[in-house]
Amino acid sequence: MNYWLMKSEPDVFSIQDLRERPKQTEPWDGVRNYQARNFMRDEMKPGDFILFYHSNTNPPGVAGLAEVASEPYADPTAFDKKSKYYDPKSDPDKPRWILVDVKFKDILPQYVSLEAMKGMSKLESMRVLQRGNRLSITPVSKSEFLAITKAGGLK
DNA sequence: GCCAACGTTGGC
DNA sequence: GCCAACGTTGGC
């Protein structure tokens, strides 16, 4: 079982939005970065744990938990001319962009802000805290995951 | 709004 | 294949 951190701007799509979706599930569309795509395509498995991180907001931080809820499949927004994620270079016969569905699990009783995360010694080497990191999907270790859920008020 | 970091594009 | 220009991310 793997652990992940996935960033989303809450003004665009928040953990609360995810909770309110039909089946509390949403395709993680719009990823247009190869590294992030490769994580979804090659390494994610249904049931993997996800830290749902709110970026570009004040304060940024981990707001909740989700899980991988599908096998990888082609991102339909890449084929949709009206989508802002449209990519003419993605051929439906050989799709360039791949996603998974993400399912709501929990909203953390205590929001774990980026600032709080920076103060946690167990998170010292966490990828999302390294300077210059902009990847919207990063792997997380089990101990990092547990440290954050604990700080978030879950057992 | 600023800007550092970093990914992508395209000319050569 | 190099690398300058450009675009995006995301904290502040």
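Numbers restart at 1 for each chain; the letters A, B, ... are given by sequence-line order, proteins then strands.
- Evaluation of the side chain to side chain donor-acceptor pair (under 3.5 Å) rule for A:Arg41 yields A:Asn38 as partners, not counting sequence neighbours.
- Partners of A:Asp29 by side chain to side chain contact (heavy atoms under 4.5 Å, CB included), not counting sequence neighbours, listed by chain and number: A:Asp75, A:Thr77, A:Tyr85, A:Leu99.
- Residue pairs meeting the salt bridge (charged side-chain N to carboxylate O under 4.0 Å, His left out) criterion with at least one partner in residues 14-25 of chain A, sequence neighbours excluded, are A:Arg21-A:Glu26.
- Residues meeting the ring pair (Phe, Tyr, Trp, His ring centres under 6.0 Å) test with A:Tyr53, sequence neighbours left out: none.
- Non-hydrogen atoms lying under 4.0 Å from DNA chain B are contributed by A:Gly132, A:Arg134, all within residues 132-139 of chain A.
- With sequence neighbours excluded, no residue forms a salt bridge (Lys or Arg N to Asp or Glu O under 4.0 Å) with A:Arg96.
- Sorted by residue number, the members of residues 113-130 of chain A with any non-hydrogen atom under 4.0 Å from DNA chain C read A:Leu114, A:Lys118.
- Taking A:Phe13 as the reference, nothing meets the ring pair (Phe, Tyr, Trp, His ring centres under 6.0 Å) condition, with sequence neighbours excluded.
- Within the model, atoms CZ of A:Phe52 and CD1 of A:Ile15 stand 5.0 Å from one another, a figure rounded to the nearest 0.5 Å.
- Taking a 4.5 Å side-chain heavy-atom cut-off between Ile, Leu, Val, Met, Phe, Trp and Tyr, the cluster of A:Tyr34 extends to A:Trp97.
- From the 5' end on, the contacts that DNA chain C makes with chain A at under 4.0 Å to a non-hydrogen atom open and close at C:dG7 to C:dC12.
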Could you list the donor-acceptor pairs under 3.5 angstrom formed by side chains in residues 55-72 of chain A, with sequence neighbours left out?
from    : atom 1 : to       : atom 2 : distance (Å)
A:Asn56 : ND2    : A:Glu9   : OE2    : 3.3
A:Ser70 : OG     : A:Asp101 : N      : 2.8

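- Every residue was checked against the side chain to side chain donor-acceptor pair (under 3.5 Å) condition with A:Gln130, not counting sequence neighbours, and none meets it.
- Where A:Gln35 and A:Asn56 meet DNA chain B, the nucleotide closest to each residue was compared, and A:Asn56 sits on the side nearer the 5' end.
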